[in-house]
2 protein chains.
Amino acid sequence: MQQIDTLLDARWIIPVEPAGAVLEHHSLALHDGQILDLLPSEQARQRYQPREHHQFPSHALIPGLINTHTHAAMTLFRGLADDLPLMTWLNDHIWPAEGAWVNPEFVHDGSELAIAEMLRGGTTCFSDMYFFPDITARAAASSGIRATIGLIMIDFPTAWAAHPDEYLDKGLKLHDSYRHHPLIRTAFAPHAPYTVSDAPLSRIQTLAEELDIPIHIHVHETASEIEQSLQAHHQRPLARLQQLGLLSPRLLAVHMTQLTHEEISQLAVSGSHVIHCPESNLKLASGFCPVHALDQAGVNVALGTDGAASNNDLDMFSEMRTCALLAKAVAGDASAVSAETALRMATLNGARALGIDDITGSLRPGKAADVVAVDLGDIETQPLYHPISQLVYATGRDKVSDVWVAGVQLLAGRQLTRLDSQQLRQRAELWRARIAASDENHQHHQP
Amino acid sequence: MQQIDTLLDARWIIPVEPAGAVLEHHSLALHDGQILDLLPSEQARQRYQPREHHQFPSHALIPGLINTHTHAAMTLFRGLADDLPLMTWLNDHIWPAEGAWVNPEFVHDGSELAIAEMLRGGTTCFSDMYFFPDITARAAASSGIRATIGLIMIDFPTAWAAHPDEYLDKGLKLHDSYRHHPLIRTAFAPHAPYTVSDAPLSRIQTLAEELDIPIHIHVHETASEIEQSLQAHHQRPLARLQQLGLLSPRLLAVHMTQLTHEEISQLAVSGSHVIHCPESNLKLASGFCPVHALDQAGVNVALGTDGAASNNDLDMFSEMRTCALLAKAVAGDASAVSAETALRMATLNGARALGIDDITGSLRPGKAADVVAVDLGDIETQPLYHPISQLVYATGRDKVSDVWVAGVQLLAGRQLTRLDSQQLRQRAELWRARIAASDENHQHHQP
């Protein structure tokens with residue numbers, strides 16, 4: 001009998017690799033933060049002596065979900081303003097609120113609230129883009145979640161930095177301080193082609209190769225972005241990025257609602273990744289990303305929730321479902337983006353985009369023990385013909401019972417083990433009172 | 001002090017009428033199955049002596065949700081086959097399964113499972129269309145939920161009836177037997193223009209006026225339905241229905257993904273209702289219903305989940321959210337279908353479509369006590385700026401804690417009071433085993 005840290009026996013295990021596999025009455029053996037073995041439960045009981053032994057008689061174990069694009073701290077703006085034309089929303093609500101409130105304390109409290117919500121919803125890794133990324137990195141590290149923290153860059157001054165050189169300096173310093181951290185990685189995060197000039201984009205491209213980290217950027221979010229670029233640069237934003245050398249397997253191009261056939265080919269050939277945020281694209285009326293065409297062309301498509309100000313949740317179960325449903329209508333093909341494909345987009349494809357698919361994204365021995373238990377035993381998922389179908393089309397995040405990141409249990413029976421829910425709620429309420437009062441002064445349109 | 005049955009004190013009450021109202025620290029006084037009063041909690045405590053007194057310190061009370069289009073019994077086919085082209089899905093899975101399994105026992109067990117799921121998700125009224133409607137009516141009546149049962153009509157023979165006359169006879173008999181029931185109503189439910197001939201449609205139109213009940217029918221679900229009608233009848237389906245006299249405030253036209261400007265005007269002028277099923281339309285790649293244009297034209301739009309075989313849940317919270325998000329992208333306008341509008345579509349507009357807005361659909365004294373408590377106190381709905389935004393964009397059905405229909409509590413602390421969850425799960429599992437074995441024999445495409 002081999003001594004191990006943890007044994008998880010489950011009714012079903014859905015490892016994502018190999019594709020489509022659904023293992024019944026199997027177990028995951030976890031040791032030293034990693035997946036040691038995946039085998040039939042009967043054999044597991046004879047082979048391993050675990051320090052902790054969990055039974056999941058009506059659950060599926062899946063790899064932790066990866067939220068590949070969010071602005072965690074913006075959770076404090078959740079529902080502040082909805083249902084408004086984009087420019088009213090930005091000018092009268094979001095930008096004044098950011099100007100007034102974005103500081104280290106805000107980013108800390110917003111990031112912790114976001115991390116709590118993500119863990120409770122089965123998300124074990126997130127890729128962030130926001131101001132004060134040092135604070136989000138610290139919140140992530142202390143919570144135990146896995147994260148890729150965006151080193152934000154934008155042409156204009158903000159509370160975080162005054163000019164491109166300062167954004168870069170602060171970003172590089174942050175990168176250095178997490179160089180050897182087991183869970184926290186960094187990516188360059190130039191905001192968008194329309195807010196970052198050629199010079200800093202080129203510099204980022206060079207540095208990303210030197211440091212071997214991804215570049216996380218909003219691209220082709222709306223039709224008006226394309227029009228503005230044609231006027232200002234006489235080319236579409238993606239063409240400009242290509243000219244600057246950014247199209248490569250390091251590129252995470254977020255949104256991509258406007259795409260020609262040629263651009264889909266360019267993305268495929270260059271190995272660039274598309275980060276699809278279906279609910280944010282719908283809510284802001286940005287357009288429809290051609291997910292099925294991208295997938296068919298061989299482009300790696302991963303999923304993100306975007307920030308809670310434009311979603312309004314950080315729910316990757318809902319995002320998987322919306323992705324699978326919407327892709328069919330957009331493609332005019334009910335067989336587009338199957339449940340299995342949506343689950344892969346929310347797990348392994350996210351890990352590939354972030355360059356960490358050797359570490360996470362599937363339940364394979366040797367990878368980190370990033371594991372989520374989802375209870376499929378309730379009325380809402382009966383009868384159960386195909387577990388992957390139920391996970392994507394019938395289950396909600398409320399059925400996530402237990403979550404491990406690198407072998408550490410961060411959610412146990414729906415209770416957070418490291419974060420204090422009561423305190424998070426109290427701090428959110430303090431922020432609400434302050435922000436609502438200031439929003440009243442700024443807004444001209446009552447939502 | 002006036003003696004009453006029940007007093008509900010809540011942090012927020014969202015009555016839907018008047019539009020946009022959010023009342024803080026108010027109470028609902030319920031008596032004899034009706035809403036007696038809606039007033040500040042402080043006054044309520046001085047005025048009423050309730051037999052039962054409930055406190056909802058972090059909850060919103062809303063009118064019970066109305067699922068205006070479903071096929072309840074099909075819940076037993078939930079997830080049987082997904083992600084397939086429409087004709088493969090029908091020919092190789094759904095039709096063989098219906099042929100083999102649709103009988104009174106199946107319809108009873110499927111309807112009860114559906115009712116349990118709906119009640120747990122805050123739905124207090126549903127409008128159904130399926131075979132053996134007598135069985136669904138009985139299941140609804142014994143569960144205590146409110147329902148409008150469709151008297152199904154289709155040209156071809158099924159296990160329920162052999163020919164149009166028999167469908168009609170059985171339907172009229174069912175209508176008569178529930179004529180004085182407090183919760184169960186009926187509607188004619190001719191399946192679709194392409195499956196019901198002119199003669200039975202005309203007969204139904206005449207009878208619907210005589211009996212004063214609605215007509216519930218699938219119309220313009222897909223583009224190919226329009227093409228087929230142009231070939232067979234030299235007119236679009238809606239034009240044919242108009243010629244037969246069906247366009248009126250009695251008509252519930254379900255789906256409507258294909259609509260010209262003229263047709264939108266015809267619907268508005270005739271007072272016909274559109275029942276929008278956004279998730280089913282997406283999943284079957286049927287098309288996009290122009291919800292915002294319909295709403296702007298003054299057409300009453302209500303919401304339905306459709307059956308669980310094409311959704312795959314009966315979750316009206318998710319349907320509200322998908323409706324609000326999708327309508328913005330389809331209209332290219334982020335201010336289309338606000339949270340408040342989506343909530344109205346899921347409540348009062350459903351009641352209007354069914355002709356029961358004098359009875360339910362809003363929390364107004366004199367209406368039935370169809371009330372749902374939703375807990376907005378959890379992390380996922382913090383911070384809370386606007387309760388209606390949180391209800392539509394951030395809350396899930398799992399936050400529904402308590403449900404009353406006509407003053408009778410059917411869900412208490414998430415537990416069903418009349419239906420036995422354990423027994424429902426066991427029966428669903430029995431059906432799964434039988435149906436899965438038979439599906440294996442029929443199917444050519446493994447989903």
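Each chain gets a letter, A, B and so on, in the order its sequence line appears, and its residues count up from 1. Since the structure is predicted, the reported quantities are computational estimates derived from the model, not experimental observations.
With a 4.5 angstrom heavy-atom cutoff, B/D378 touches chain A via backbone and side-chain atoms both. Looking at A/R397, only its side chain comes within 4.5 Å of chain B, counting heavy atoms on both sides. Contact of B/Q390 with chain A is made through the side chain alone, with heavy-atom distances under 4.5 Å. For B/V337, the part lying near chain A is the backbone, with the side chain staying farther off; criterion is any non-hydrogen pair under 4.5 Å. In this structure, the portion of B/L416 lying under 4.5 Å from any heavy atom of chain A is its side chain and not its backbone. Only the side chain of B/L424 comes within less than 4.5 Å of a heavy atom in chain A; its backbone stays farther off.
Most heavy-atom pairs under 4.5 Å with chain B: of the set A/A327, A/A223, A/G121, A/P85, this distinction falls to A/P85. Among A/L76, A/L284, A/L282, the residue making the largest number of heavy-atom pairs under 4.5 Å with chain B is A/L282. Among the candidates B/R425, B/E380, B/Q382, the residue making the largest number of heavy-atom pairs closer than 4.5 Å to chain A is B/E380. The most heavy-atom pairs under 4.5 Å with chain A, out of B/A308, B/G377, B/S286, B/A116, come from B/G377. Top candidate by heavy-atom pairs under 4.5 Å with chain B, chosen from A/I379, A/V330, A/L384, is A/I379.
Between A/R120 and A/E117, no side-chain nitrogen of the basic residue sits less than 4.0 Å from a carboxylate oxygen of the acidic one, so the salt-bridge criterion is not met.
Screening A/D83, A/N312, A/N311, A/D306 for a side-chain hydrogen bond (donor to acceptor under 3.5 Å, both in side chains) with A/K283, the sole residue that qualifies is A/N312.
Residues meeting the side-chain hydrogen bond (donor to acceptor under 3.5 Å, both in side chains) test with A/R344, sequence neighbours left out: A/N349.
Between A/D313 and A/R78, some side-chain heavy-atom pair lies under the 4.5 Å cut-off. A heavy-atom distance below 4.5 Å is not found between the side chains of B/P278 and A/L325. Using a 4.5 Å heavy-atom cutoff, the side chains of B/L410 and B/R418 are in contact. Side-chain atoms of B/P387 and B/W12, non-hydrogen and from C-beta on, do get closer than 4.5 Å to each other. In this structure the side chain of A/I435 never reaches within 4.5 angstrom of the side chain of A/R432, judged on heavy atoms.
Scanning residues 316-324 of chain B against chain A with a 4.5 Å non-hydrogen threshold yields B/S318, B/R321, sorted by number.
Using cut-offs of 30° and 60° for the angle between ring planes, the B/F106 and B/F77 rings count as tilted.
For the residue pair A/N281 / A/T257, no side-chain donor-acceptor distance below 3.5 Å is found, with atom types taken as modelled.
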Q: Applying side-chain hydrogen bond (donor to acceptor under 3.5 Å, both in side chains), run through A/T123 and A/N67 and close with a yes or a no.
A: CA-CA 7 Å; A/T123 296; A/N67 185 349; 5.4 Å; no

